[in-house]
A.B. asks: 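Dropping the structure in here first, questions after.
All of these numbers come straight from a predicted model, not from anything done at the bench. Computed from heavy atoms alone, side chains included, the values below leave out hydrogens, waters and symmetry copies.
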Amino acid sequence: MSLLSDLINFNLSDSTEKIIAEYIWVGGSGMDLRSKARTIPGPVSDPAKLPKWNYDGSSTNQAPGQDSEVILYPQAIFKDPFRRGNNILVICDVYTPAGEPLPTNKRHNAAKIFSHPDVAAEVPWYGIEQEYTLLQKDTNWPLGWPIGGFPGPQGPYYCGIGADKAYGRDIVDAHYKACLYAGINISGINGEVMPGQWEFQVGPSVGISAGDEIWAARYILERITEIAGVVVSFDPKPIPGDWNGAGAHTNYSTKSMREDGGYEIIKKAIEKLGLRHKEHIAAYGEGNERRLTGKHETADINTFTWGVANRGSSIRVGRDTEKEGKGYFEDRRPSSNMDPYVVTSLIAETTLLWKP
């Protein structure tokens with residue numbers, strides 16, 4: 001008699017050409033990921049060859065009940081680390097039946113910016129540092145923390161090891177390997193300053209693919225925490241008080257910045273970002289004012305600053321970039337719950353298209 005685990009781990013390619021495609025999209029809150037699966041006749045590697053699909057938008061706060069059909073457009077494919085074989089995860093964006101992007105479809109506008117000739121010519125690279133907090137399911141209190149109490153003060157937990165310092169490493173490592181399997185350009189992981197908080201990095205990724213990869217990595221993380229019976233939070237300040245918040249520092253460079261003389265291009269780009277500070281803050285995630293206080297390695301939300309190797313500034317330039325006269329910079333303002341399509345495309349728009 002087969003066990004449930006045997007059936008879950010079936011290798012379908014032994015008996016059929018058909019594959020399972022898990023269609024993934026962002027729901028009405030802008031942070032809630034949704035997904036459902038369908039059978040496809042055979043292996044697919046090009047999203048343009050996948051059929052469009054629909055769902056009930058009234059159940060995701062994206063359409064009224066009397067006109068609830070929303071259309072899914074497949075945009076990016078990743079290997080499915082849960083079903084394995086030829087099965088796939090499909091990142092989709094969402095449209096009305098008339099082909100109009102929904103207000104929650106942030107990918108559509110980002111794709112327009114990244115396809116602009118002046119942006120495409122500069123081959124923008126992104127490296128996104130996604131922080132998150134693991135919570136105990138029944139209490140919504142960080143993993144490893146005593147119920148209703150607090151661990152020792154921050155200090156030993158950042159990149160820490162040991163049962164009294166690192167909480168949830170099995171989840172983190174499973175996520176790391178699952179992302180590599182899926183084809184996401186995940187470049188590393190580490191434990192963060194607050195216990196129960198972790199970070200993964202995606203990149204360097206070019207243009208729109210940075211957003212696709214972050215959403216796919218978030219989806220995989222939510223699925224793994226579902227299996228583990230743990231909740232993942234992207235709240236920018238999950239615990240008030242003397243505890244670090246959670247951000248999504250966004251590292252950025254263009255072709256001109258990566259070439260000789262690039263440091264002057266970087267400084268001009270930072271100047272433009274300073275002039276649009278308010279617009280960027282408004283687009284960098286909800287609840288960010290609880291995180292950007294000028295404490296815990298952040299700049300104050302109302303002040304724009306930049307510096308070399310300064311983790312208390314809005315924009316940080318690395319020592320290597322200053323020394324070599326070319327490279328990249330880090331925008332430290334985005335919160336952990338930011339939309340990567342919005343943040344990456346806005347940085348490109350401000351630095352490459354906007355004329356002060």
A.B. asks: Among side-chain atoms of S336 and Q130, is any donor-acceptor pair under 3.5 angstrom?
C.D. replies: no
A.B. asks: Spell out, as yes or no, whether a donor-acceptor pair under 3.5 Å connects the side chain of T225 to the backbone of L221.
C.D. replies: yes
A.B. asks: Can you check whether V26 reaches L33 side chain to side chain, under 4.5 Å on heavy atoms?
C.D. replies: yes
A.B. asks: Can you get from Y167 to I161 by hopping between Ile, Leu, Val, Met, Phe, Trp and Tyr side chains that sit under 4.5 Å apart?
C.D. replies: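 No; tracing contacts between hydrophobic side chains, which count when under 4.5 Å, never links both residues.
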A.B. asks: Show every donor-acceptor pair shorter than 3.5 Å between a side-chain atom in residues 109-118 and any protein atom, with sequence neighbours excluded, or say none if there are none.
C.D. replies:
unit_1 : atom_1 : unit_2 : atom_2 : d
S115   : OG     : A111   : O      : 3.0
S115   : OG     : K112   : O      : 3.0
H116   : ND1    : D118   : N      : 3.0

A.B. asks: Locate the shortest heavy-atom distance separating G285 from N337; write the atom from each residue and the value.
C.D. replies: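 Minimum heavy-atom separation between G285 and N337: CA-OD1, 3.5 Å.
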A.B. asks: Indicate yes or no: at least one non-hydrogen side-chain atom of S335 is less than 4.5 angstrom from one of E286.
C.D. replies: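 SC-SC contact between S335 and E286 ruled out.
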A.B. asks: I need the full list of salt bridge (Lys or Arg N to Asp or Glu O under 4.0 Å) pairs touching residues 223-232, with sequence neighbours left out, sorted by first then second residue.
C.D. replies: none
A.B. asks: With distance as the sole test, does N105 use its side chain to make a donor-acceptor pair with the main-chain N or O of P101 at under 3.5 Å?
C.D. replies: no
A.B. asks: Check whether the side chains of Y95 and H108 place a donor and an acceptor atom closer than 3.5 Å, and report yes or no.
C.D. replies: yes
A.B. asks: Taking NZ, NE, NH1 and NH2 as the nitrogens, is one of them in K268 or E264 under 4.0 Å from a carboxylate oxygen of the other?
C.D. replies: no
A.B. asks: Is any side-chain heavy atom of E330 less than 4.5 Å from a side-chain heavy atom of H249?
C.D. replies: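 They are in contact (side-chain heavy atoms under 4.5 Å apart), so the answer is yes.
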A.B. asks: Grab the two heavy atoms, one from P195 and one from P142, that are nearest each other, plus how far apart they are.
C.D. replies: O-CB, 4.3 Å
A.B. asks: According to salt bridge (Lys or Arg N to Asp or Glu O under 4.0 Å), does anything in residues 100-110 pair up with another residue at least two apart or in another chain? List the pairs.
C.D. replies: R107-D212
A.B. asks: With distance as the sole criterion, is a donor-acceptor pair present between the side chains of Y55 and Q62 under 3.5 Å?
C.D. replies: yes
A.B. asks: If you group Ile, Leu, Val, Met, Phe, Trp and Tyr by side-chain heavy-atom gaps below 4.5 Å, do V343 and V123 land in one group?
C.D. replies: no
A.B. asks: Please collect all ring pair (Phe, Tyr, Trp, His ring centres under 6.0 Å) contacts where either partner lies in residues 305-338, sequence neighbours excluded, each pair once.
C.D. replies: Y252-F329
A.B. asks: Between Y126 (side chain only) and T344 (backbone N and O only), is there a donor and an acceptor less than 3.5 Å apart?
C.D. replies: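 Checked: pair present.
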A.B. asks: Can you sort out the partners of T350 under side chain to side chain contact (heavy atoms under 4.5 Å, CB included), two or more places apart, ordered by chain and number?
C.D. replies: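 Listed in chain order: K272, L273, R276, H280, L346, W354.
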A.B. asks: Within the structure provided, determine whether S2 and F10 are in side-chain contact (heavy-atom separation under 4.5 Å).
C.D. replies: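 No, side chains not in contact.
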A.B. asks: Is the closest side-chain heavy-atom distance between Y73 and C92 below 4.5 Å?
C.D. replies: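 Sidechains of C92 and Y73: no contact.
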A.B. asks: If you apply the rule salt bridge (charged side-chain N to carboxylate O under 4.0 Å, His left out), what do you find for K255 with E259, and how did you get there?
C.D. replies: CA-CA 6 Å; K255 189 167 175 283; E259 293 173 349; 3.2 Å; yes
A.B. asks: Provide the closest heavy-atom pair for P334 versus T250 in the form atom of the first, atom of the second, distance.
C.D. replies: CG-OG1, 3.8 Å
A.B. asks: I'd like to check the side chain to side chain contact (heavy atoms under 4.5 Å, CB included) partners of K137; sequence neighbours left out, ordered by chain and number.
C.D. replies: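 So K137 forms a side chain to side chain contact (heavy atoms under 4.5 Å, CB included) with V231.
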A.B. asks: Between F82 and I91, is there shared hydrophobic-cluster membership here, with clusters defined by ILVMFWY side-chain heavy atoms closer than 4.5 Å?
C.D. replies: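 F82 clusters together with I91.
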A.B. asks: Do E289 and P236 have side chains that get closer than 4.5 Å, going by heavy atoms?
C.D. replies: no
A.B. asks: Taking all heavy atoms of V119 and all of P124, pick out the closest pair and write down the distance.
C.D. replies: O-CD, 3.5 Å
A.B. asks: Going by the rule side chain to side chain contact (heavy atoms under 4.5 Å, CB included), which residues pair with N310 if we only count those two or more places apart in sequence or in a different chain?
C.D. replies: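 S313.
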A.B. asks: Indicate the atoms forming the closest heavy-atom contact of A299 with T305, along with that distance.
C.D. replies: CB-OG1, 4.0 Å
A.B. asks: With a 4.5 Å limit on heavy-atom distance, are the side chains of I220 and P81 in contact?
C.D. replies: yes
A.B. asks: Between T293 and T298, is there a side-chain heavy-atom distance shorter than 4.5 Å?
C.D. replies: yes
A.B. asks: Using the side chain to side chain donor-acceptor pair (under 3.5 Å) rule, collect all pairs that involve residues 146-166, keeping only residues at least two apart or in two chains.
C.D. replies: Q154-N244
A.B. asks: For residues 33-48, which residue pairs qualify under side chain to side chain donor-acceptor pair (under 3.5 Å), counting only residues two or more places apart or in two chains?
C.D. replies: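 Counting only pairs at least two positions apart or across chains, the side chain to side chain donor-acceptor pair (under 3.5 Å) contacts touching residues 33-48 are E22-S35, D32-R34, S35-Y219.
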A.B. asks: Return yes if some donor-acceptor pair links the side-chain N/O of T351 with the main-chain N/O of I347 below 3.5 Å, else return no.
C.D. replies: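 Such a contact is found between T351 side chain and I347 backbone.
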A.B. asks: Can you name the nearest heavy-atom pair linking D93 to Q75, along with the distance?
C.D. replies: OD1-NE2, 2.8 Å
A.B. asks: Just by modelled atom types, is the I19 backbone N or O under 3.5 Å from a matching donor or acceptor in the N86 side chain?
C.D. replies: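 Not confirmed, N86 side chain does not pair with I19 backbone.
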A.B. asks: Which pairs, with at least one residue in residues 176-199 and sequence neighbours excluded, count as a side chain to side chain donor-acceptor pair (under 3.5 Å)?
C.D. replies: T133-Q197, N190-E192, N190-Q201, E199-Q201
A.B. asks: Does R83 pair with D80 as a salt bridge, N-O distance under 4.0 Å?
C.D. replies: yes
A.B. asks: Tell me which pairs pass side chain to side chain donor-acceptor pair (under 3.5 Å) where either residue lies in residues 227-236, with sequence neighbours left out.
C.D. replies: D235-R290
A.B. asks: Indicate, with yes or no, if F78 and W25 share a hydrophobic cluster defined by side-chain heavy-atom contacts under 4.5 Å among Ile, Leu, Val, Met, Phe, Trp and Tyr.
C.D. replies: no
A.B. asks: Looking at residues at least two apart in the chain, or sitting in another chain, which of them share a side chain to side chain contact (heavy atoms under 4.5 Å, CB included) with L50?
C.D. replies: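 With sequence neighbours excluded, L50 shows a side chain to side chain contact (heavy atoms under 4.5 Å, CB included) to Y23, I40, V44, P74, I77, I88, V90, given in chain and number order.
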A.B. asks: Does E271, at its CD atom, have more than 12 non-hydrogen atoms belonging to other residues, nucleotides or ligands within less than 6.0 Å?
C.D. replies: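 No, not enclosed.
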